[in-house]
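Below you'll find the structure, written out as structure tokens, and then a few comments.
Each ligand, and each atom within it, is numbered from 1 in the order the structure gives.
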Amino acid sequence: MADPSRHPFLQGLSKYRGAPATVIVIFGASGDLTARKLLPAIYNLSHDNLLPPDFYLIGFGRKPVLEEEFRGHAEAAIKEFSRREINPAAWSRVARNTFYLTGGYDERGAFDRLHVLIQKLEAQAGRALQSLFYISTPPTVFQPIIENLGASGLAQRHFGSPQQSKAVIEKPFGRDLASARELNRVIAGVLQEAQVFRIDHYLGKETVQDLLVQRFANAIFEPLWNRNYVDCVQITVAEDGGVGSRAGYYEQSGCLRDMIQNHTMQLLALTAMEPPVSLEAEAIRDEKVKLLRAIQPLALGPGGDVARGQYASGLVGGQPAPGYREEDGVNAESTTETYASLRLAINNWRWAGVPFYLRSGKRLARRVSEIAIQFKCPPGTLFAQDGQFDLAANTLAFQIQPDEGSTVLLNAKIPGLETRTQPVKMHFRYATTFGSNTPEAYERLVLDAMISDGTLFIRGDETEASWRLITPVLEHWQAQQKEGLDSYAAGSWGPKAADDLLVSHGHEWRKP
Ligand code: BG6
């Protein structure tokens with residue numbers, strides 16, 4: 001059906017072909033995320049002709065940098081981190097409209113200068129520009145940036161029109177429930193919720209979006225997607241890398257804040273939510289919030305629902321790896337957890353009684369993220385082997401990364417005269433079916449923010465629902481210090497306490 005708000009020439013074309021004329025302002029322009037993710041994403045969008053003809057990029061940072069230098073830095077970052085080789089024509093379309101502005105985040109005058117620059121670019125373009133303020137700084141300066149966007153009038157530019165200003169906010173979104181609420185309060189004082197795009201880059205991953213398609217576009221799954229058939233659900237976000245050069249941040253964060261509160265909780269919400277009434281942003285977000293609110297508070301203390309660990313030295317992929325406390329910038333007495341796992345109970349009609357196990361950690365045996373739905377075992381009566389019923393539980397596993405795809409574990413007959421069974425796997429692999437050059441999460445997310453589609457971003461109430469669950473765990477661990485902090489060898493699958501969480505409920509972790 002024709003969309004009356006779209007230009008007649010764009011009717012029938014993909015919504016991505018109609019991004020309005022835009023200026024993206026990156027706060028934190030010389031940061032790591034800008035170099036590794038944002039600049040390559042913008043470049044690849046230019047390569048795919050997905051940027052609007054009037055597109056401008058302004059780097060904003062505290063470091064005094066000449067415009068030429070910033071362009072050189074951007075080009076070097078793209079060369080190093082882009083999924084594609086740099087193509088001079090595609091890069092020059094971005095480079096010729098790239099600017100840099102030096103300023104403090106709490107310096108009101110710098111925001112006025114930014115406003116003047118945007119007005120100048122608008123005069124040059126001869127049309128209204130949408131301003132997208134991408135806040136990719138340490139969280140300590142989120143508040144002054146947002147307040148200055150308000151005070152300088154930048155947040156209100158073209159308000160109420162398709163060109164109204166938007167703010168993209170990187171994680172971490174708060175440190176706990178109180179700080180997330182405070183940040184939401186500051187934001188709400190300056191911007192409407194429709195102007196705010198809180199990033200969780202896991203939602204931009206193809207495989208995470210495919211989860212919705214697999215769940216709701218296949219009639220065979222939904223009838224089984226409940227407590228009558230599902231025995232447990234296991235969500236794993238495992239990394240083989242250590243803390244790297246981010247000890248300063250990670251020491252203050254730990255695994256629960258860094259990975260569980262956001263990425264794994266989002267995977268959980270998409271896996272367990274009710275079918276949304278449409279694929280519109282609000283419909284999906286409403287279901288996610290309902291699901292997060294149905295999760296029961298976690299039992300803490302011995303025999304409770306949580307486990308944590310910290311990596312000691314070990315071998316990862318055959319190479320020696322140092323322990324966390326020996327890493328650069330880490331306190332030798334650190335009690336920061338590099339591994340966390342939770343056992344969650346969702347108290348609603350669909351899931352009552354089905355445990356959801358979540359785990360994430362650094363320096364684990366391998367890098368793998370997956371969601372595994374483990375079904376109840378069929379009665380083995382027909383297939384007893386040597387007096388034993390030995391059927392494997394059917395399992396549907398979505399491999400989020402790497403080696404993206406999904407697998408179904410079935411029991412099959414071993415060829416031969418006897419009726420003997422063996423678990424076998426059916427695989428679907430993205431790379432085999434669709435080729436391997438899929439867009440990076442950030443390409444999709446930057447473009448979605450440009451066309452004001454909030455589906456893959458987190459709403460304010462979602463962040464609070466997730467923090468409400470996690471904050472008591474943080475406080476408990478803070479009070480416990482090193483008590484209950486297990487160590488695990490780098491290259492293993494995590495601490496024993498995490499295994500115990502499952503054993504007590506008759507389950508064990510998968511070895512993905
Ligand atoms: C980030 C965390 O959000 O996600 C990092 O801060 C982590 O600690 C990273 O390494 C993992 O992202 P991905 O896309 O590589 O799985």
Side-chain angles (χ1 to χ4, degrees), residues 28 31-38 40-41 44 80-83 134-139 142 168-175 180 197-211 235-268 270 308-311 316 321 324 327-330 334 336-340 358-371 398-404 430 438-446 456-458 463 466-467 470 490 494 512:
D32 204 45
L33 186 88
T34 304
R36 284 174 183 274
K37 300 289 181 191
L38 297 184
N44 278 297
E80 187 173 353
F81 298 114
S82 163
R83 69 187 163 94
Y134 201 114
I135 306 178
S136 168
T137 59
F142 286 1
V168 181
I169 303 175
E170 266 296 338
K171 66 179 272 262
F173 197 86
R175 289 185 51 74
F197 295 79
R198 295 174 192 77
I199 287 253
D200 183 312
H201 77 278
Y202 266 59
L203 293 182
K205 292 184 191 276
E206 273 295 333
T207 36
V208 175
Q209 293 158 46
D210 189 40
L211 180 61
I235 301 182
T236 301
V237 181
E239 299 185 277
D240 53 4
V243 67
S245 56
R246 298 168 72 223
Y249 152 77
Y250 199 82
E251 275 283 88
Q252 302 302 315
S253 164
C255 181
L256 198 60
R257 287 191 176 97
D258 186 47
M259 299 295 279
I260 301 273
Q261 183 274 335
N262 37 58
H263 307 323
T264 39
M265 292 299 282
Q266 284 297 318
L267 297 183
L268 166 74
L270 290 173
R308 63 179 168 145
Q310 190 186 67
Y311 61 85
V316 182
Y324 178 68
E327 301 268 22
D328 277 353
V330 173
S334 173
T336 301
E337 83 285 355
T338 59
Y339 177 103
L358 269 50
R359 64 176 160 173
S360 180
K362 293 205 184 280
R363 283 272 191 253
L364 295 178
R366 71 189 193 89
R367 175 174 179 256
V368 59
S369 297
E370 66 152 40
I371 300 166
F398 297 99
Q399 279 89 35
I400 304 296
Q401 66 185 27
D403 199 14
E404 291 81 356
Y430 272 72
T438 33
E440 286 252 353
Y442 274 90
E443 294 171 39
R444 169 77 188 251
L445 295 173
V446 168
L456 302 178
F457 297 85
I458 318 286
T463 58
S466 173
W467 279 121
I470 297 297

Table please: side-chain donor-acceptor pairs of residues 362-369 below 3.5 Å, with sequence neighbours left out.
from	atom 1	to	atom 2	distance (Å)
Lys362	NZ	Glu239	OE1	2.8
Arg363	NH1	Asp240	O	3.3
Arg366	NE	Pro512	O	3.0
Arg366	NH2	Pro512	O	3.2

Distance under 4.0 Å to a non-hydrogen atom of [X]: what atoms of ligand 1 satisfy this?
X	answer
Lys362	5 (C), 7 (C), 8 (O), 10 (O)
Lys171	1 (C), 2 (C), 3 (O), 6 (O)
Glu239	7 (C), 10 (O), 11 (C)
Arg246	5 (C), 6 (O), 8 (O)
Lys205	13 (P), 14 (O), 16 (O)
Gln401	13 (P), 16 (O)

Give the contacting part of Arg367 toward ligand 1: side chain, backbone, both or neither, where contact means a heavy-atom distance below 4.0 Å.
->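 Near ligand 1, Arg367 shows its side chain, while the N, CA, C and O stay back.
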When you look for heavy atoms under 4.0 Å from ligand 1, do you find them on the side chain of Tyr250, its backbone, both, or neither?
->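 Within the 4.0 Å criterion, Tyr250 makes no contact with ligand 1.
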Decide yes or no for Val330 and Glu251: does some side-chain heavy atom of the first lie under 4.5 Å from some side-chain heavy atom of the second?
->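 Yes - at least one pair of side-chain heavy atoms lies under 4.5 Å apart.
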Side-chain contact, heavy-atom cut-off 4.5 Å: Tyr202 with Val237?
->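 Yes. Closest side-chain heavy atoms under 4.5 Å.
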Starting from [atom], locate the nearest protein heavy atom and write down its residue, its atom name and how far away it is, to 0.1 Å.
atom	result
atom 12 (O) of ligand 1	His201 NE2, 3.2 Å
atom 16 (O) of ligand 1	Tyr202 OH, 2.4 Å
atom 6 (O) of ligand 1	Asp258 OD1, 2.6 Å

Quick one: salt bridge (Lys or Arg N to Asp or Glu O under 4.0 Å) partners of Glu404, sequence neighbours excluded?
->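 Residues passing salt bridge (Lys or Arg N to Asp or Glu O under 4.0 Å) with Glu404: none at all.
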Are Tyr249 and Asp258 linked by a side-chain donor-acceptor pair shorter than 3.5 Å?
->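 Short answer, yes.
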